[in-house]
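All of these numbers come straight from a predicted model, not from anything done at the bench. Numbers here simply count residues along the sequence, with the first being 1.
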Amino acid sequence: MKIVRADVIVTCPGRNFVTLKLVTDDGVHGIGDATLNGRELAVASYLRDHVCPLLVGRDPHRIEDIWQYLYKGAYWRRGPVTMSAIAAVDMALWDIKAKVAGLPLYQLLGGASRDGVMVYSHATGRDIPETLDRYAAYQEKGFKAIRVQCGVPGMESVYGVSKGGDSYEPATKGWPEEQGWSTEKYLNYVPKLFEAVRAKYGFDGHLLHDVHHRLTPIEAARLGKAVEPYALFWMEDPVAAENQEAYRLIRQHTTTPIAVGEVFNSIWDCKLLIEEQLIDYIRATLTHAGGITHLRRIADFAALHHVRTGCHGPSDLSPACMGAALHFDLWVPNFGVQEYMGYPEPALEVFPHAWSFTDGYMHPGEAPGHGVDIDEKLAARFPYDPAYLPVARLEDGTLTSW
Ligand SMILES: O=C(O)C(=O)C[C@H](O)[C@H](O)CO
């Protein structure tokens with residue numbers, strides 16, 4: 001069997017997605033997600049100009065060899081652009097292998113370890129009462145795990161909170177939007193949100209929160225300690241984690257579980273965090289961390305250290321990533337939770353999918369492969385539309401992490 005075509009499809013059915021489609025001489029095809037929010041065309045070019053020509057003629061069954069060839073063969077290792085491109089190839093190859101076997105992908109990984117994949121979604125509001133209403137709405141939909149974010153008095157915009165009350169969409173057309181940030185206002189206010197959720201809805205549901213890389217280690221330690229009475233499932237990305245050692249300080253002060261890693265792209269980004277058990281959940285996901293082949297390696301390593309998976313699953317990763325991630329989640333022994341933000345309707349039409357949602361749990365479906373395809377004709381009706389993530393500045397104008 002040989003790969004005869006490798007095409008890159010860029011489409012914007014509500015948001016930009018980059019998809020790699022590989023076709024074999026037997027007429028079997030597989031797709032992989034290569035979307036890197038705000039830098040989509042860099043990955044599209046990496047694939048089109050440097051990877052696709054190397055794939056034609058290769059045996060699609062040699063997934064590991066192709067992975068090593070693209071990783072070691074590039075000489076320039078790691079980084080989100082390279083690793084997203086490799087991930088797309090890897091996802092498409094696993095899709096092909098499973099289709100050829102006539103099996104849903106999770107069967108090739110080792111079979112189901114559970115009946116369904118617990119997913120969490122986002123309850124966000126401009127203030128605490130609005131967030132509480134949204135929380136109730138997600139509970140009614142069946143969600144067992146809900147992330148909460150809300151506006152902070154005195155701050156015009158806060159990460160995770162939409163301006164119009166619709167679902168949150170951080171990327172904006174044109175130049176990146178500039179937002180303000182005050183750690184003091186946030187830290188003084190946000191514990192009240194968790195207190196209100198627990199007071200109104202009790203402790204049955206899993207409660208999550210994303211700090212989105214905004215604090216220093218000592219500030220994160222203070223937050224983790226302050227919210228211990230509300231038993232969070234996790235406090236996500238409290239500190240930007242380039243410096244993994246920084247998490248030692250947070251860990252010394254709080255038992256609030258920590259999730260990190262949505263911006264990670266290789267096992268080397270989380271090696272120390274996992275080895276020293278400085279985190280509880282690893283957030284790396286298929287598209288940005290080298291696909292199934294590499295994420296499986298990260299998850300196995302994490303399992304040795306009592307760290308569970310909590311894959312990033314925002315709407316800026318395509319349904320192809322979501323479909324493949326659900327297969328991964330159904331199999332991975334040390335599964336924690338999967339993020340599922342949902343998609344705009346046109347995106348769900350461009351990417352026909354086999355997954356289902358029932359009472360807080362998703363299932364990838366039994367279709368051979370990862371169960372997600374692309375309708376290329378429909379995709380062509382939604383051309384690329386540049387959009388960028390915001391940047392954040394402190395009250396005195398200093399640029400800080402968004
Ligand atoms: O899903 C999350 O936890 C996020 O933090 C979403 C990110 O801001 C988003 O994926 C950036 O593109």
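- Here Leu394 contributes atom CG and Thr400 contributes atom OG1; the two are 4.5 Å apart, rounded to the nearest 0.5 Å.
- Ring to ring, Phe233 and Tyr281 are close: their centroids are under 6.0 angstrom apart.
- Without hydrogens or angle criteria, Lys225 side chain to Thr254 main chain gives no donor-acceptor distance under 3.5 Å.
- For Thr285 (side chain) and His312 (main-chain N/O), a donor-acceptor pair under 3.5 Å exists by modelled atom type.
- Residues Tyr189 and Cys150 meet the side-chain proximity criterion, which asks for heavy atoms closer than 4.5 Å.
- Of the possible polar contacts, none joining the Tyr388 side chain to the Asn37 backbone as a donor-acceptor pair under 3.5 Å is found.
- Remark: the backbone N or O of Val307 is paired with a side-chain donor or acceptor of Asn334 at under 3.5 angstrom.
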Show your reasoning for whether side-chain contact (heavy atoms from CB on, under 4.5 Å) applies to His363 and Val117. CA-CA 6 Å; His363 193 283; Val117 172; over 6 Å; no
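- When all heavy atoms are compared, the tightest approach of Tyr106 to Pro364 is CD2-CG, 4.1 Å.
- In this structure, Arg297 pairs ionically with Glu64, as a charged nitrogen and a carboxylate oxygen lie closer than 4.0 Å.
- Judged by the 6.0 Å distance and 45° axis criteria, Arg393 is not positioned over the aromatic ring of Trp181.
- Within a 6.0 Å radius of NZ in Lys377, other residues, nucleotides and ligands contribute 12 heavy atoms or fewer.
- Side-chain contact between Thr131 and Leu193 is present, with at least one heavy-atom pair separated by less than 4.5 Å.
- Checked by atom type and distance alone, the side chain of Gln149 pairs as donor or acceptor with a backbone atom of Asp210 at under 3.5 Å.
- Atom CG of Leu105 and atom CD1 of Ile292 lie 4.5 Å apart (nearest 0.5 Å).
- The 12-atom threshold is not exceeded at CG of Asp204, counting heavy atoms of other residues, nucleotides or ligands nearer than 6.0 Å.
- Listed for the Glu130 side chain is no donor-acceptor partner under 3.5 Å among the backbone atoms of Ile128.
- A ring-centre distance under 6.0 Å is found for Tyr120 and Trp234.
- Contact check on Asp26 versus Lys2 returns no salt bridge, with no Lys/Arg side-chain nitrogen under 4.0 Å from an Asp/Glu carboxylate oxygen.
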Check step by step if salt bridge (Lys or Arg N to Asp or Glu O under 4.0 Å) holds for Arg5 and Asp25. CA-CA 9 Å; Arg5 270 184 49 199; Asp25 52 355; over 6 Å; no
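- Leu208 has its side chain out of reach of Glu339: every pair of non-hydrogen atoms, C-beta onward, lies at least 4.5 Å apart.
- Using cut-offs of 30° and 60° on the angle between ring planes, the pair Tyr138 and Phe143 is perpendicular.
- The line from CG of Asp90 to CG of Leu20 is 11.0 Å long, rounded to the nearest 0.5 Å.
- The aromatic rings of Tyr71 and His294 lie parallel to each other, with less than 30° between the two planes, well short of the 60° mark.
- Annotation: side chain of Ser266 is in contact with side chain of Met83 (closest heavy-atom distance under 4.5 Å).
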Assess the residue pair Cys12 and Tyr384 against the criterion (side-chain contact (heavy atoms from CB on, under 4.5 Å)); give the C-alpha distance rounded to whole Å, side-chain angles, the decisive distance to 0.1 Å, and a yes or no. CA-CA 5 Å; Cys12 186; Tyr384 176 68; 5.6 Å; no
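- Side-chain contact check for Val190 versus His209: some heavy-atom pair is nearer than 4.5 Å.
- Ring geometry for Tyr159 against His212 counts as parallel: the plane angle stays under 30°, on a 0 to 90° scale with 60° as the upper cut.
- A donor-acceptor contact shorter than 3.5 Å links the side chain of Arg134 to the backbone of Thr124.
- Separating the CD1 atom in Ile31 from the CE atom in Met91 is a distance of 9.0 Å, to the nearest 0.5 Å.
- The only member of Arg251, His306, Arg308 that meets side chain to side chain donor-acceptor pair (under 3.5 Å) when paired with Asp280 is Arg251.
- Distance check: Lys97 NZ to Leu103 CG gives 11.5 Å after rounding to the nearest 0.5 Å.
- Checked by atom type and distance alone, the side chain of Gln179 never pairs as donor or acceptor with a backbone atom of Val391 at under 3.5 Å.
- In this structure, the side chain of Asp33 engages the main chain of Thr35 through a donor-acceptor pair within 3.5 Å.
- Of all heavy-atom pairs spanning Ile146 and Ala123, the tightest one is CG2-CB, 3.6 Å.
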List the steps, then state whether side-chain contact (heavy atoms from CB on, under 4.5 Å) holds for Arg126 with Val161. CA-CA 6 Å; Arg126 281 161 292 189; Val161 180; 4.3 Å; yes
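- Here the closest non-hydrogen pair linking Gly290 and Ile86 is O-CG2, 4.5 Å.
- A cation-pi contact links Arg58 to Tyr69, judged by a cut-off of 6.0 Å to the six-membered ring centre and 45° from its axis.
- Residues Trp94 and Thr293 meet the side-chain proximity criterion, which asks for heavy atoms closer than 4.5 Å.
- A side chain to side chain contact (heavy atoms under 4.5 Å, CB included) with Leu317 holds for exactly one of Met322, His288, Glu262, Met341; it is His288.
- One distance of note links CG of Asn16 with CG of Leu41; it measures 7.5 Å at 0.5 Å rounding.
- Other residues, nucleotides and ligands contribute more than 12 heavy atoms inside 6.0 Å of the CZ atom of Arg114.
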Start with the C-alpha distance between Phe328 and Phe335, add both sets of side-chain angles, then the distance that settles ring pair (Phe, Tyr, Trp, His ring centres under 6.0 Å), and finish with yes or no. CA-CA 9 Å; Phe328 183 86; Phe335 172 74; 9.2 Å; no
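- The aromatic rings of Phe301 and His305 sit perpendicular to each other, their planes meeting at more than 60°, with 30° as the lower class boundary.
- With respect to Asp95 and Lys99, a salt bridge is recorded, a charged nitrogen being found less than 4.0 Å from a carboxylate O.
- Nearest heavy atom pair, residue Leu278 against residue Ile258, reads O-CD1, 4.0 Å.
- Remark: Arg198 qualifies as a cation-pi partner of Phe203 under the 6.0 Å distance and 45° angle criteria applied to the six-membered ring.
- No side-chain heavy atom of His327 sits less than 4.5 Å from a side-chain heavy atom of Val372.
- Closest heavy-atom contact between Met235 and Thr256: CB-CG2, 3.8 Å.
- The backbone N or O of Gly142 sits less than 3.5 Å from a side-chain atom of Lys144, completing a donor-acceptor pair.
- Closest heavy-atom contact between Cys311 and Ala284: SG-O, 3.6 Å.
- A 6.0 Å sphere centred on CG of Asp115 holds no more than 12 heavy atoms belonging to other residues, nucleotides or ligands.
- Annotation: side chain of Phe382 is in contact with side chain of Val350 (closest heavy-atom distance under 4.5 Å).
- Between Glu219 and Arg214, none of the side-chain N atoms (NZ, or NE/NH1/NH2) sits under 4.0 Å from a carboxylate O, so this pair counts as no salt bridge.
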Check step by step if side-chain contact (heavy atoms from CB on, under 4.5 Å) holds for Ile279 and Ile282. CA-CA 7 Å; Ile279 58 171; Ile282 178 69; 4.2 Å; yes
